[in-house]
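Naming: A, B, ... by sequence-line order, numbering from 1 per chain. Computed from heavy atoms alone, side chains included, the values below leave out hydrogens, waters and symmetry copies.
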Amino acid sequence: MEWGQVHALLGENGAGKSTLMNVVYGLIRADSGEMQFDGAQVQVHSPQDAIGLGIGMVHQHFMLIPPLTVADNVILGQETARAAGVIDGRASRRTVNELSRRYGLQVDPDARVRDLSVGVQQRVEILKALYRGARLLILDEPTSVLTPQETEGLFQIVRGLTAEGSAVIFITHKLGEVMAIADRITVMRRGKVVASTTPAESSQADLARLMVGRPVLLRVEKGPAQPGRPLLQVDGLSVLDDRRQVAVDGLSLEVRAGEILGLAGVEGNGQVELVEAIAGLRPARSGRVMLCDHEVTAASPRRRLRAGLGHIPADRHRMGVILELPISDNLVLGDFDRPPFARGIVRLLAQVRDHAARLIKSFDVRAAGPQQLAGALSGGNQQKVVVARELSNGPRVLMAAQPTRGVDVGSIEFIHRQIVEQRDAGLAVLLVSSELDEVLSLADRVAVIYRGRIAAVLQAGEIDRDRIGLLMAGGQADQVPAASEGAL
Amino acid sequence: MRAALRIAQQAAVPLVAILLGFLVAGVAVAITGADPSQAYLGLFQGAFTNKHAFTESLIASVPYVFLGLAVATGFRAGLFNIGADGQFYLGALGGVFVGFSIHGLPGIVHIPLAILAGVACGAVYGGLPGFLKARFGAHEVITTIMLNYIAYSLSDYLINRGPLGDPHSSAPKTPFIDPSAQLPIIFADSRLHLGLLLALLAVPLMWFLIERTTIGFRIRAVGLSPEAARSSGISVARTMVLVMAISGGLAGLAGADEVLGVSHFMPPSFSIGYGFDAIAVALLARSNPWGILPAAFLFGAMRNGAGFMQLQTQVSADMISIVQATVIMFVAAPVIVRWLLRLREVPAESLQITQPEGVGAAPKT
């Protein structure tokens, strides 16, 4: 790769992108092969070596200390100290200010990291790398936690960096981003480079084919919805967030049998709280939740499960699967204590294993077997385990929150197809996603959430990208022309 | 063959830790001017080869089995029960009370009744901090430590001035239990009692409970990921109370077993830190019920042999505390042992999985 360029490293989860970059950054040692940097052969045994060479990395999960200020986080480990080891606060603030001006990274050096949005935290991570003299910046799945606006902001930063002569490696599996930002593209599959190309020479469909080794349907094929009676009704629901602020504010919505209602919105507008309240993981302050004609507003998660709710949680690692348990156990998390998986208090492990073997096959989970630990699976396959479990319980309402976040293209396709199939089988599906493309391609109706309320519900004929974009940003439904010229 | 290899792999770190423990304690003994080899010879003789030494080591191991299981069960649910010592006291109080206050029962009724009383007392006393955690979020480490002191003071009061004191004795103690409540001797010409068989039975039972029942699955799921467990409909609060009650019940069983099988009465300061040693036993066994057996036997044998060692070589019996402490240090820091053994594993794959979520990971929005 060359200086002043953005080099996208594209591949499905498990293709080896992150592993390769961890080798470059010195976190993992290579078994064989060599690495050249700036024309010379180099040995990188630790992140310190990498930093010394001018390589910086921003991980998917940020490595920041929330109670400290931006400036403190940036200088941490390489503090400018005055006599007797006292940190020179003014000097560090000045350095941070200079860096942020130079690269167009607006951050208040005195703000505490815990008060910052995810997008700004990411800027702090980039500043950290630049402060350490990074000329080659590795961004590992940088947009997976960002809103569309924040993603655009990140792209500007990346362009600014390359204009200054730095090089950026952009790890991603999102095709649209690659086309928008990359100068060169390297596609990886199963640990091998399968193609090296440029956006001009290729199309999204080409890249997708290269990533998965076969053509992928980017558009979901589905017939028109045939909605039946409402199965999930939320009526005037208010919910508080962790800081005891109103996050869901008198919200009402209704999902009918045989339709997919897409909930679009910028993250942080109450989606998480709404989903948790419907699942029974967070108390409702007021309002009602009806599930298949039963009121479940105060019911336990278990009772909602039994009443017919399937829930694909947004945070797979925290709530979806237990990484240290085998796939078979993860597939019965909801009914391990019921027949046929238990008799009395004794678990029937043979049944659990058979059940797992069946689901692994029908949901195409790429695993060594039912006893493999969930933590050893790729993100996409972990998510298939979650989907398989939630659908095998025979739900009548499926609530899918960010069902394809951090999931490879092949699995996305599979999961989308499952969701549409379930709709056709008469399930009511509530799809909560921050990926507008996902909502647009799956939903039969789209509800836009803004500050804890439904800003508008668009019927099949009215769904329009720009209009939804404006509603997501807080525009009024009646002020938004059906075909606006304004871009998001 | 493969199973044997797996066991060997799991046991490697604890075994090396034990060896290092004896090595470090030996150095400490040498620094004091005594001969470590003589000290260890004394320890060995006191634990195994003297008259009655072996059966006495077994007797001393019995409470460690129950208490080790108690602490290990808590660990499996992610709970740190430091209150096993207090629950041990409560179990002893319950057992001794039923043992001396009820008369005329046949042994086959009296013994189970007294044991059940001990288990129940321990379970309630252990369940309490579980409830406090589930209901109010009070951390179990704090509450169980505090409850230990309450248990000590309570038994002190009950035995010294309260209803459990022996009116016919000048020394503060409870009355002797009826012979019908005494655990029968199972090995002629020794003090080895039925408790050993109970302990040997408790291990597979606890293994079955943890690994093969729905209760155990709940416990493990809550220990591994409370949020995923909750989101799948497992009641985390109920599981916490339950697991602490099971843990306390096992500790109570240890206490009852000790009064019914060994002392046959209860003095005010009954335990000498059994409940705390049990934390070490559980750690050494890596919370695996089967591992509790050898770990408990090691601690029982050391405790039994230490007295003779001191008599023989003037090396303080507290020397075994150095062994225990060092063992725990090396078990808790397996990296050191792995490095010594050159057990290089940590493949790239697992590095990925265990990568920390990052201190500044994206906040919940």
TODO: Under 4.5 Å heavy-atom distance to chain B, tell me which part of Leu349(A) shows up: side chain, backbone, both or neither.
DONE: side chain
- [ ] Could you grab the distance from atom CG of Leu224(B) to atom CD1 of Ile322(A), nearest 0.5 Å is fine?
- [x] 6.0 Å
- [ ] Give the intermediate values and the outcome of side-chain contact (heavy atoms from CB on, under 4.5 Å) for residues Thr214(B) and Phe341(A).
- [x] CA-CA 9 Å; Thr214(B) 57; Phe341(A) 305 121; over 6 Å; no
Open item on the list: With rounding to the nearest 0.5 angstrom, report the CG to OG distance, Leu325(A) to Ser225(B).
Closed with: 9.0 Å
- [ ] Measure the OG-CD1 distance between Ser231(B) and Ile312(A) for me, rounded to the nearest 0.5 Å.
- [x] 11.5 Å
Task: Heavy-atom closest contact (Arg230(B) atom, Gly280(A) atom, distance) - done: NH2-O, 4.4 Å
TODO: Measure the OG1-CG distance between Thr213(B) and Asp337(A) for me, rounded to the nearest 0.5 Å.
DONE: 10.5 Å
Open item on the list: Looking at Arg212(B) and Arg347(A), would you say the former's side chain and the latter's main chain have a donor-acceptor pair under 3.5 Å?
Closed with: no
Open item on the list: Atom CZ of residue position Arg302(A) - does it have more than 12 heavy atoms of other residues, nucleotides or ligands inside 6.0 Å?
Closed with: yes
Open item on the list: Taking CZ in Arg303(A) as the centre, count heavy atoms belonging to other residues, nucleotides or ligands within less than 6.0 Å. Is the count above 12?
Closed with: no
Task: CA sep, side-chain torsions, deciding dist, call: Phe217(B), Leu333(A), side-chain contact (heavy atoms from CB on, under 4.5 Å) - done: CA-CA 9 Å; Phe217(B) 187 72; Leu333(A) 273 188; 3.9 Å; yes
- [ ] Below 4.5 Å from any heavy atom of chain B, which atoms of Asp329(A) appear? Answer side chain, backbone, both or neither.
- [x] both
Task: Proximity breakdown for Leu305(A) and chain B, heavy-atom pairs closer than 4.5 Å - done: side chain
Task: Heavy-atom contact with chain B under 4.5 Å, split by part of Val321(A) - done: backbone
